[in-house]
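To start, the structure under review is shown below, and the notes come after it.
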Number of protein chains: 2
Amino acid sequence: MSEVDIFKALADPTRRAVFERLADGEKNATELREGFSLSQPAMSQHLAVLRSAGLVAEQKSGRHVHYRVNPDGLAQLHQWLHRYRAFWPQRVDELKQLLKEMDQ
Amino acid sequence: MSEVDIFKALADPTRRAVFERLADGEKNATELREGFSLSQPAMSQHLAVLRSAGLVAEQKSGRHVHYRVNPDGLAQLHQWLHRYRAFWPQRVDELKQLLKEMDQ
DNA sequence: GACTCACATAAGTCTATGCTTATGTATTGG
DNA sequence: CCAATACATAAGCATAGACTTATGTGAGTC
């Protein structure tokens, strides 16, 4: 698991959508396919990428594999972003100001 | 500029390194090449990707082009991450606990 | 005005990646 | 125990992406 892997994993729109679905709650690979027009191997490969990036965790239960969000990946991402914190408070303030102005 | 573009832009190690150098301070394309073993067009293309992702901003000055971190991109990333905030406070607490244990 | 410098853009190549179909491997139900 | 289910893995293909060399463009220099 590294930052590169995390960014690469999230660079794919399908994987980002899968991750978002997992954020709603634990699901197995078959449930995750619902709504997507993807072959079963494609989903399996996407999950492998997310897993090796530390973004999701798996738990085998019989012949099902339950996937859930792994906070480790998000923590890594959060830590990376935090290095550049100096750049966004200013921006946040600007947004706050903008919202204040829009309210009037 | 979209989340996909941002993640894609940051998925490349070279672009992440370029971004990190820009975080240290505004630089032009030639200065950015120092230390990298990249052709000039390669750097130019990387900067184009970072620019279209909203991660850096350019400012032309004579025949030089000065690049700097654009907070907009980081703000987008921060906003994306914030959607999953529910997952990381728990993790942060775990890390704090771990650090506390390591101190002893 | 020719020349150089600091870039951007074009075109071509090679590798990475996302997809497919085909197959392998546990697990479970009849 | 045999078929079906729920996956993972393999192999092949087609597109995307990162790089190169070559060329274009506009701004400073002499």
Side-chain angles (χ1 to χ4, degrees), chain A residues 1-22 25-70 73, chain B residues 1-22 24-70 73 77:
Chain A
M1 172 173 80
S2 77
E3 289 161 9
V4 200
D5 295 331
I6 292 174
F7 284 118
K8 268 192 187 169
L10 293 173
D12 183 79
T14 304
R15 279 195 292 268
R16 291 231 326 289
V18 168
F19 185 79
E20 283 171 29
R21 294 199 62 175
L22 280 182
E26 194 171 315
K27 284 176 190 63
N28 63 47
T30 305
E31 288 168 344
L32 277 171
R33 277 187 63 203
E34 290 166 16
F36 291 99
S37 53
L38 271 178
S39 65
Q40 175 266 318
M43 176 60 78
S44 185
Q45 287 159 14
H46 280 308
L47 287 169
V49 172
L50 288 169
R51 200 187 322 130
S52 73
L55 284 161
V56 307
E58 62 173 13
Q59 187 172 9
K60 295 188 185 181
S61 158
R63 58 181 168 184
H64 293 268
V65 181
H66 290 276
Y67 283 93
R68 57 184 165 75
V69 169
N70 180 1
Chain B
M1 174 173 82
S2 76
E3 288 160 10
V4 199
D5 296 329
I6 292 174
F7 283 118
K8 269 192 186 168
L10 293 173
D12 183 78
T14 304
R15 278 195 294 268
R16 291 231 325 290
V18 169
F19 186 79
E20 282 172 30
R21 293 200 61 176
L22 280 181
D24 278 343
E26 193 170 317
K27 284 177 190 64
N28 63 46
T30 304
E31 289 169 343
L32 277 171
R33 278 187 65 200
E34 289 166 16
F36 290 101
S37 53
L38 269 177
S39 64
Q40 175 266 318
M43 177 58 79
S44 186
Q45 286 158 16
H46 280 308
L47 288 169
V49 172
L50 288 169
R51 199 187 322 129
S52 73
L55 283 162
V56 306
E58 61 173 14
Q59 187 173 8
K60 295 188 184 178
S61 158
R63 57 182 170 184
H64 294 267
V65 180
H66 290 277
Y67 283 93
R68 56 185 167 74
V69 168
N70 180 0
L77 196 56

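Below, chains carry the letters A, B, ... as their sequence lines are ordered, and counting in each starts from 1. Because only heavy atoms are used, hydrogens play no part in the values below, and waters and symmetry mates are left out as well, while side chains stay in.
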Sugar-phosphate only, base, or nothing, as touched by Ala29(A) at under 4.0 Å among non-hydrogen atoms: sugar-phosphate

Distance test, side-chain N/O of Thr30(B) to OP1/OP2 of dC7(C), below 4.0 Å: yes

Separation of dA6(D) P from Leu38(A) CG (nearest whole Å): 17 Å

Rounded interatomic separation in angstrom, taking NE2 from His46(A) and P from dA8(D): 13 Å

Side-chain donor or acceptor of Lys60(A) paired with backbone N/O of Glu58(A) under 3.5 Å: no

Any Lys60(B) side-chain nitrogen or oxygen under 4.0 Å from OP1 or OP2 of dC7(C): no

Presence of Arg15(B) side-chain N/O under 4.0 Å of dA18(D) phosphate oxygens OP1/OP2: yes

d(CG, Asp12(A); P, dA16(D)) in whole Å: 13 Å

Side-chain N or O of Ser39(B) closer than 4.0 Å to phosphate OP1/OP2 of dT20(D): yes

Interatomic distance, Gln59(A) CD vs dC7(D) P [rounded to whole Å]: 13 Å

Below 4.0 Å: OP1/OP2 of dA6(C) and any side-chain N or O of Asn28(B): no

Short side-chain N/O contact to dA6(D) OP1/OP2 from Tyr67(A), under 4.0 Å: no

Spacing of Arg16(B) atom CZ relative to dG17(D) atom P, expressed in whole Å: 18 Å

Any Arg51(B) side-chain N or O less than 4.0 Å from OP1/OP2 of dA8(C): yes

Among Glu31(B), Arg16(B), Glu34(B), the one residue meeting side-chain contact (heavy atoms from CB on, under 4.5 Å) with Arg21(B): Glu34(B)

Rounded distance in Å - NE2 (His64(B)) to P (dA6(C)): 5 Å

Atom pair distance, as rounded to whole Å: CE in Met43(A) and P in dC7(D): 11 Å

Among Leu50(A), Asp12(A), Val49(A), the one residue meeting side-chain contact (heavy atoms from CB on, under 4.5 Å) with Val18(A): Leu50(A)

Leu38(B) side chain near His46(B) side chain, heavy-atom distance below 4.5 Å: yes

Short side-chain to backbone donor-acceptor contact, Ser39(A) and Ala42(A), under 3.5 Å: yes

Among dT9(C), dT28(C), dA22(C), the one nearest Ser44(B) by side-chain distance: dT9(C)

Shortest side-chain distance from Arg63(A), nucleotide among dA10(D), dT9(C), dA4(D): dA4(D)

Residue met sooner reading DNA chain C from 5', once Gly62(A) and Ala11(A) are mapped to nucleotides: Ala11(A)

Distance in angstrom units between Gln40(B) CD and dT9(C) C1', rounded: 10 Å

